[in-house]
Participant: 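Got a structure here, written out as structure tokens. Questions coming.
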Amino acid sequence: MPKTTEPTSSTAPATPPASPDARRVAVVLAAGRGTRLRSATPKVLHAAAGRPLLGWVLDAARGAGCAHLYVVVGHGADDVRAAVGDADDVTFVVQAEQLGTGHALAQVAPHLRGGNAAPTLAFVLSGDVPGVTSATLGSLAEAAEADGSWGAMAVATLDEPGRLGRVLRADADDDALARIVEYADADDATRAVRRINAGIYALPAPQIFDDLDRLDTNNAQGEFYLTDALGLAVADGRRIALHNLADPGEAFGVNTRADLARVHRRLLDRHVAALMDAGVTVLEPARTTVEAGVVVGADTVIHPDVTLLGTTRIGAGCEIHQGAWIRDATLDDDVLIKPYSVIDRATVGARCTVGPFARLRPAAQLHEDVQIGNFVELKKTEMHPGSKASHLTYLGDATVGPRSNIGAGVITCNYDGARKHETHIGADAFIGSDTMLVAPVRVGDRATTGAGSVVNQDVADDDLAVARARQRNIPDWTTRRRRATAEPSD
Ligand code: UD1
Ligand code: CA
């Protein structure tokens, strides 16, 4: 039997949550429309590497030990709520009108300010910057809590800073903020600065809310900018430490479809790199799609153009050839998947070979040492150890006993137009080529069916079933026909 691993949902976190620290919370800004995506779907629900952008951010916050997550929702609020689902550690805060990032954060004030609100370190995160890691948030917390610092923010130096906010330092030798200038408000000299604001902050609450109260909308976009609140803090003499992202790709945000493609590729690359570190050979990482929930064992070799999705688990020592598409499936060790096979919610036992061009549909279950060849389709079918279906076959709602051989072109006729019926084949059976197994039907142990038979009655152990017209040979038929057509008729 293939090993059964605990299934996890495809929105399962890629990072295990750290034990929550009551003095840390996250506020995730996710209310914006994302106008430049030109989409009916709220921006933060667009998927990158198989998960919504927002899912990546929440995952990082949980991984950094945030005891509570405040998600600011507005545009498409109901959809965002539904996608995040019910979780004890999440509070949705509505920003009815999207008046800017500063206004978005201010909506959380009733939860973190006033009366008995304890001082907390609030990570303020952008729902559209999915590459942020728990490790970065940990470093940011350290920088914010270091002596002399009041808060901290993540910055990156990008070759193409695009329209991101530009970060000006207090002193060229010191990693402390002077102010952030939004692209729309920047002059040419400021736009030439390549140090950008990643939209990832660690700020003390409730103090930050006092700065937000002082914001105005005197800027190019007529919005309340969170970035201006940091400028006000600095103007008051408080130090905001700049944390340089070791991997500038963590700062990639999504404002356009091109941005989405870039973060998608980058998040995939990150997981593929981790798999390679863990002993998996990936021949062409840039041509390989492995979503974050996918587990792959050491010494498995992944060829180009392979797609591994969802909760797929692949054992050690497997070889996955070009063009395989595998979703929510479990493969045991030493499995060989030949090119262009599709495996969807199926399980494959140790040492099986599948393909090329095979299709394993949901609830196909291969035990050890099973061989599935080209143009074979299996649905809700269990193949016991050592059984084979090598060519051009459909098996649905069936069981095939150990060591049995399914000949070329065999089909289970499992559907009578109204209901599905089962086919059971015993051990060491031989199903002749092109047998139609009209279900419900049973074929016994060591039984044989003649090629081309339509089998609609059970076959007992050790019997041969032949169900086809007996062959009749007509001597010299061809010569006689040729003569008949050659002679002119008058
Ligand atoms: C923002 C920063 C910019 C930074 C960039 C990083 C400001 C003013 N600018 O710009 O310095 O380089 O992020 O990616 O903060 N949102 C709300 N409510 C609003 C407006 C926005 O919840 O009223 C949310 C959006 O859904 C989004 C996030 O805040 O998830 C950032 O907003 P966005 O409009 O994308 O800001 P940027 O222009 O990218
Ligand atoms: Ca953005």
Side-chain angles (χ1 to χ4, degrees), residues 26-37 39 41-46 48 52-58 61 70-77 79-80 92-108 123-132 153-158 160-168 177 179-186 190-191 193-201 203 208 211-212 215-232 240 242 245 248-260 262-263:
V27 179
V28 184
L29 310 184
R33 172 189 289 272
T35 316
R36 294 172 67 208
L37 290 182
S39 176
T41 303
K43 171 158 75 171
V44 296
L45 295 189
H46 280 259
L53 299 176
L54 181 57
W56 288 100
V57 179
L58 297 178
Y70 297 92
V71 181
V72 181
V73 294
H75 183 76
D79 292 342
V80 176
F92 296 98
V93 179
V94 176
Q95 183 195 22
E97 258 189 297
Q98 288 80 58
L99 303 179
T101 49
H103 180 256
L105 178 56
Q107 306 311 302
V108 183
F123 293 113
V124 179
L125 308 174
S126 305
D128 64 349
V129 181
V132 60
M153 61 181 282
V155 300
T157 303
L158 300 183
E160 290 177 31
R163 303 173 69 87
L164 293 169
R166 302 302 203 262
V167 174
L168 306 182
L177 178 70
R179 64 193 176 97
I180 305 162
V181 184
E182 289 306 293
Y183 183 83
D185 300 291
T190 308
R191 287 180 180 182
V193 171
R194 295 188 300 118
R195 187 179 307 96
I196 59 85
N197 168 23
I200 303 166
Y201 319 85
L203 302 169
I208 181 63
D211 299 306
L212 295 174
L215 289 179
D216 60 40
T217 57
N218 295 329
N219 53 56
Q221 300 179 88
E223 291 182 356
F224 296 102
Y225 288 166
L226 168 58
T227 45
D228 280 353
L230 304 193
L232 293 172
I240 295 181
L242 303 180
L245 292 170
E250 262 190 71
F252 291 171
V254 175
N255 292 339
T256 64
R257 301 267 178 174
D259 292 340
L260 187 62
R262 185 167 69 157
V263 301

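Remember, it's 1-based here, ligands and their atoms both numbered in the order they're listed. Side-chain atoms are counted along with the backbone in the values below, which use heavy atoms only and exclude waters and symmetry mates. Only a predicted model underlies this, so the values are computations on that prediction, with no experimental measurement involved.
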Participant: Would you mind checking which non-hydrogen protein atom is closest to atom 2 (C) of ligand 1, with the distance to 0.1 Å?
Facilitator: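 I find the closest protein heavy atom is Glu182 OE1, 3.8 Å.
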Participant: Measuring to protein heavy atoms, does anything land under 4.0 Å from atom 13 (O) of ligand 1?
Facilitator: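 Neighbour list for atom 13 (O) of ligand 1 is empty of protein heavy atoms (cut-off 4.0 Å).
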Participant: Quick one: which of Gln95, Met153, Glu97, Gln98 has a heavy atom closest to atom 18 (N) of ligand 1?
Facilitator: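 The nearest heavy atom belongs to Gln95.
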Participant: How close does the nearest protein non-hydrogen atom get to atom 31 (C) of ligand 1, and which residue and atom is it?
Facilitator: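 Answer for atom 31 (C) of ligand 1: Thr101 CG2, 3.9 Å.
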Participant: Does Arg166 qualify as a cation-pi partner of Tyr183, given the criterion of NZ or CZ under 6.0 Å from the six-membered ring centre and within 45 degrees of its axis?
Facilitator: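 Arg166 over Tyr183 ring: no.
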Participant: Assess Ser126: does it contribute an N, O or S atom lying under 3.0 Å from the Ca ion (ligand 2)?
Facilitator: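 Checking Ser126: none of its N, O or S atoms is under 3.0 Å.
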Participant: Do Gln98 and His75 get their side chains close enough for a donor-acceptor pair, meaning under 3.5 Å?
Facilitator: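 Short answer, no.
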Participant: When you compare the side chains of Thr41 and His46, does any donor N or O come within less than 3.5 Å of an acceptor on the partner?
Facilitator: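 No donor-acceptor contact under 3.5 Å links the two side chains.
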Participant: Could you tell me if any non-hydrogen atom of Ile196 lies under 4.0 Å from any atom of ligand 1?
Facilitator: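 No, that is not the case, since the closest heavy atom of the residue is not under 4.0 Å from the ligand.
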Participant: May I ask which of Ser126, Ala31, Gly100 has a heavy atom nearer to atom 22 (O) of ligand 1 than the others do?
Facilitator: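 Checking each option, the heavy atom nearest atom 22 (O) of ligand 1 is found in Ala31.
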Participant: With respect to Gly32, determine whether any N or O atom, backbone or side chain, lies less than 3.5 Å from an N or O atom of ligand 1.
Facilitator: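 Yes, since at least one N or O of Gly32 sits under 3.5 Å from an N or O of ligand 1.
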Participant: For Gly253, state whether at least one heavy atom is located under 4.0 Å from any atom of ligand 1.
Facilitator: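 No, Gly253 has no heavy atoms under 4.0 Å from ligand 1.
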Participant: Can you see which heavy atom on Thr256 is nearest to which on Leu37, and at what distance?
Facilitator: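 Where Thr256 meets Leu37 most closely, the heavy atoms are C-CD2, 3.3 Å.
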Participant: Would you say Leu226 has any N or O atom under 3.5 Å from an N or O of ligand 1, going by distance alone?
Facilitator: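 Among all N and O atoms of Leu226, none is under 3.5 Å from an N or O of ligand 1.
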Participant: Under a 4.0 angstrom heavy-atom cut-off, which atoms of ligand 1 come close to Ala104?
Facilitator: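 Under 4.0 Å from Ala104, ligand 1 has these atoms: 17 (C), 18 (N), 22 (O).
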Participant: Report yes if some N/O of Thr227 lies less than 3.5 Å from some N/O of ligand 1; otherwise report no.
Facilitator: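 For ligand 1, there is no N or O atom that lies under 3.5 Å from one belonging to Thr227.
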